[in-house]
Asks: 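First the structure, then my questions, so here it is.
Naming convention: chains lettered A, B, ... in sequence-line order (proteins, then strands); numbering from 1 in each chain. Because only heavy atoms are used, hydrogens play no part in the values below, and waters and symmetry mates are left out as well, while side chains stay in.
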Protein chains: 2
Amino acid sequence: MTTHDASLIDVARAAGVSTATAGRALGGYGQVSERTRERVLAAAAELGYRPNSLARSMVTGSTHTIGVVVTDVANPFFATALRGITDVTSPAGFEVLLANTGGQLASEQRAVTVMSEKRVDGMIVAAARPGEGAHLRHAMDAGVPVVLIDRQVSGVPDADSITVDNDHAAAEAVAHLVELGHRRIGVITEAGDQLARVRSGTRRRGLFPSAVRLRGYVSALRSAGLDVDETLVASARYDRESAYDAMTRLLGLAHPPTAVLCTDNVLASGAYRAVQDRGLRMPAEVSLIGFDDEPWTTLVRPGLTIVEQPTYELGARAGRQLLDRIAATEGPRRPQHIQLRAKLVARGSTVP
Amino acid sequence: MTTHDASLIDVARAAGVSTATAGRALGGYGQVSERTRERVLAAAAELGYRPNSLARSMVTGSTHTIGVVVTDVANPFFATALRGITDVTSPAGFEVLLANTGGQLASEQRAVTVMSEKRVDGMIVAAARPGEGAHLRHAMDAGVPVVLIDRQVSGVPDADSITVDNDHAAAEAVAHLVELGHRRIGVITEAGDQLARVRSGTRRRGLFPSAVRLRGYVSALRSAGLDVDETLVASARYDRESAYDAMTRLLGLAHPPTAVLCTDNVLASGAYRAVQDRGLRMPAEVSLIGFDDEPWTTLVRPGLTIVEQPTYELGARAGRQLLDRIAATEGPRRPQHIQLRAKLVARGSTVP
DNA sequence: CTGAAAGCGCTTACAG
DNA sequence: CTGAAAGCGCTTACAG
């Protein structure tokens, strides 16, 4: 136990050199003779010297830290994306400062501000509200590059973004069902309140992924020459129980749907359970499609047909994109908006 | 876009006060008159002033950042624990510096060193190797409090720890099976190579959770007056396929087990699938128990009996413990070793 | 190759 | 309540 952390000054004194020389020997910059280096290294080891990154960052202007802001780390989607991020940034020598917002805008704003003040070299953000970008605007104006993931945000058109083509993903699921002969196709969604807006056609920025998926559902029906029957659009909150109720409601209709699309995996698990409890056979009596390839979707019988998002890839690409931005010494280049494709995986819940 | 970030000096100049006064007005410490405060705040807003936490930390000696080191964020177990940590530390004004080690000791050592140099106020670590604690020893000697989660580590007996009572957890599962009349109880484990060590009885520190669970299995059998039949101890790597093979092997034995315990949820999913594919009925022909209450365990038919770990709580307690340590200004208190209890949840895979 | 000095942007006694 | 000065622990021109 040292009474006082040894600093470079202490090491320099012990080695009989200047702090500049000690710094060069220890930091691996500049030129130092072999003999001197050894003396300094020995002194450092002797004193248990631990460099202070804070001081170093103060002068170099870089922290080798990136900020990552998500709504819920416990959600497998974000946990997997996060893994993609760290797998890419860690070998490059960057660490991750993580914030969990719980989907609260105020919490996100605080996190972005604090990270900016801690001088992260850049940040990756899964925003809580697609319509609120002022805090991100501030960060970018201060020179902190921002990469958006999963959701576009209005107000920061110059931020890079990596998203999944949710429009296409949902449409592909619907097309799959249409091809199988379904005409009454329902949907369980968190974005039910956006149906009107979605039907009239809005631009993607400013929409949640769930709303974009709802739009994909609507447009795919239209392409197939089918009407959008509002009684088949069931709203649910983001939890299993709510989805269970929504599915039960759909199945209890006078004219129930023969197939249902769930716009994410949490909703799908609730819906799946509802079908089980009603004793209906899949796909004979009702077909079901979910999102994300989670382990349970292949363990249940029948297996669940899903739209598989490239979740890990989403994080990895975001990490790479941010590192590129940080490395780019020239002025601001044009923003990159990368859209990843989701893939339909057909299983027993739709195909006999 | 400012050419040059505004510093406190710039704000002070613009407000016509000293940097000390500007700092007091902005930082909320010391005394400032209302009039002065307003002038300073106005100047700061005008210049788009963004405090530099690095500089502040240099002088205050605290970063309000804690380090969290895990083997795999994408694993629901760690993702959930991480959520528990952030939920506790974030309201207290701390952010998390995250490192993912992939279970690699070298990676963990690097992460711990870097975090220590970045001057985190403390760290929470789920160690890659229970036997390797030198790097943690260094951190603690440098005055950085460490809280161990999920795994004890030798060499740092003075670090706090929050773990699950895995001995008891596994034993309870076995007792449940014994009570149901089972006499041939198998186990699928990652710690098969430790069987000899575990049978001869070693202390907990220095053992992986999976090895501790294996020990619980062994001691519960003994308590029930049953012999440990080594042919019923099936080794598997940490993935579904390997567990699938292990279960298939057990079921193909001349005298197969009538019940099998899987020491974690990944192994359980592989084993469950193997039972399905062999067309065996649970629990009539074989009973199965897993770990962790994941969504799929209630979606499959029959539902899987599990030992439920208090995962979120594990993280939350670790966060609280670390905050306590950081707040404690007095010298080193005695280390706290908190053991959380797991809970058996009986479902259809063991009970008709 | 090495050193003296300045500076990164703050906070903290110490005076007034 | 306010300010001048020192200092946190490094790195970086600038000389030699």
Side-chain angles (χ1 to χ4, degrees), chain A residues 2-41 43-44 47-65 114 116-121 142-143, chain B residues 2-41 43-44 47-65 114 116-121 142-143:
Chain A
T2 43
T3 330
H4 185 68
D5 261 15
S7 76
L8 199 52
I9 300 185
D10 303 315
V11 175
R13 193 168 321 172
V17 297
S18 70
T19 62
T21 298
R24 287 190 268 253
L26 256 21
Y29 53 89
Q31 305 291 324
V32 198
S33 76
E34 194 50 44
R35 276 197 58 227
T36 315
R37 178 191 317 281
E38 279 166 13
R39 278 223 313 282
V40 173
L41 260 40
L47 294 172
Y49 173 67
R50 182 176 58 132
N52 185 323
S53 297
L54 263 24
R56 167 187 268 258
S57 291
M58 283 272 295
V59 21
T60 63
S62 122
T63 54
H64 278 254
T65 303
V114 171
S116 168
E117 295 181 355
K118 285 185 178 172
R119 295 301 193 264
V120 294
D121 292 340
Chain B
T2 42
T3 330
H4 184 68
D5 260 15
S7 76
L8 199 52
I9 300 186
D10 302 316
V11 175
R13 193 167 322 173
V17 298
S18 69
T19 63
T21 297
R24 287 190 269 252
L26 256 22
Y29 53 88
Q31 304 292 326
V32 198
S33 77
E34 194 50 44
R35 275 198 58 226
T36 315
R37 179 191 316 281
E38 279 165 14
R39 279 223 313 282
V40 173
L41 260 41
L47 294 171
Y49 173 66
R50 184 176 57 131
N52 185 324
S53 297
L54 263 25
R56 167 188 269 259
S57 290
M58 283 273 296
V59 21
T60 63
S62 122
T63 54
H64 277 253
T65 304
V114 170
S116 167
E117 295 181 355
K118 284 185 177 170
R119 294 302 193 264
V120 294
D121 291 340

Asks: Rounded to whole angstrom units, what separation is found between the CG atom of A:N52 and the P atom of C:dG9?
Replies: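 Interatomic distance, CG of A:N52 to P of C:dG9: 16 Å.
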Asks: Which heavy atom of A:S57 sits nearest a heavy atom of A:T63, and at what distance?
Replies: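 A:S57 and A:T63 have their closest heavy atoms at OG-CA, 3.5 Å.
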Asks: Of all the heavy-atom pairs spanning A:P51 and B:E117, show the shortest one and how long it is.
Replies: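 Closest approach of A:P51 to B:E117, heavy atoms only: CD-OE2, 3.3 Å.
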Asks: Can you give the dot-bracket line for DNA chain D, using ( ) for pairs inside the strand, [ ] for pairs that cross earlier ones, | for pairs with another strand and . for unpaired bases, where Watson-Crick and G-U count if both distances are under 3.5 Å?
Replies: |||.||||||||.|||
Asks: Supply the atom-to-atom distance B:N52 CG to A:S116 OG, rounded to the nearest 0.5 angstrom.
Replies: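 So the gap between those two atoms works out to 10.0 Å.
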Asks: Expressed in angstrom and rounded to an integer, what is the separation of A:I9 atom CD1 from D:dC8 atom C1'?
Replies: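 Between C1' of D:dC8 and CD1 of A:I9: 10 Å.
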Asks: Can you tell me how far C1' of D:dC10 sits from CZ of A:R56, to the nearest Å?
Replies: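 Spelled out: CZ on A:R56 to C1' on D:dC10 is 9 Å.
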Asks: Output the distance between atom OG1 (B:T21) and atom CG (B:L26), rounded to the nearest 0.5 Å.
Replies: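 Result: 11.5 Å between the selected atoms.
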Asks: Between D:dG9, C:dC10, D:dC10, spot the one nearest the side chain of B:A55, thanks.
Replies: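 Ranking D:dG9, C:dC10, D:dC10 by closest atom to the B:A55 side chain puts C:dC10 first.
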Asks: Output the distance between atom CZ (B:R50) and atom OG (B:S7), rounded to the nearest 0.5 Å.
Replies: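 Going from the CZ atom of B:R50 to the OG atom of B:S7 covers 12.0 Å.
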Asks: How long is the line joining NZ of A:K118 and C1' of C:dG9, in whole Å?
Replies: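 Checked: the NZ to C1' distance equals 17 Å.
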Asks: In whole Å, I'd like the distance from the CG atom of A:L47 to the P atom of D:dG9.
Replies: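 Between P of D:dG9 and CG of A:L47: 14 Å.
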Asks: Is the closest side-chain heavy-atom distance between A:Y49 and A:D5 below 4.5 Å?
Replies: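 Result no, sub-4.5 Å side-chain heavy-atom pair not found.
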Asks: I'd like to know if the side chain of B:T65 pairs up with that of B:K118 as donor and acceptor (distance under 3.5 Å, no hydrogens or angles considered).
Replies: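 There is no such pair between these side chains.
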Asks: Can you find a side chain N or O atom of A:Y29 that sits less than 4.0 Å from OP1 or OP2 on D:dT12?
Replies: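 False: A:Y29 side-chain N/O out of range (4.0 Å or more) of D:dT12 OP1/OP2.
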Asks: Generate the contact string for nucleotides 2-7 of chain C. Rules: B means base contact, S means sugar-phosphate contact only, - means no protein heavy atom under 4.0 Å.
Replies: BBB---
Asks: What's the CD-P distance between B:E117 and D:dT11, to the nearest Å?
Replies: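 B:E117 atom CD is separated from D:dT11 atom P by 11 Å.
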Asks: A:L54 CG to C:dC10 C1': how many Å, rounded?
Replies: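 After rounding, the gap between these two atoms is 11 Å.
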Asks: What distance do B:D121 atom CG and B:R119 atom CZ have between them, rounded to the nearest 0.5 Å?
Replies: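 It comes to 11.0 Å.
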Asks: Provide, to the nearest angstrom, the distance between the CZ atom belonging to B:R50 and the C1' atom belonging to C:dC8.
Replies: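 One finds 14 Å between C1' of C:dC8 and CZ of B:R50, rounded.
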Asks: Let me confirm one number: the CZ-OG distance from B:R24 to B:S33, rounded to the nearest 0.5 Å.
Replies: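 Between atom CZ of B:R24 and atom OG of B:S33 there are 11.5 Å.
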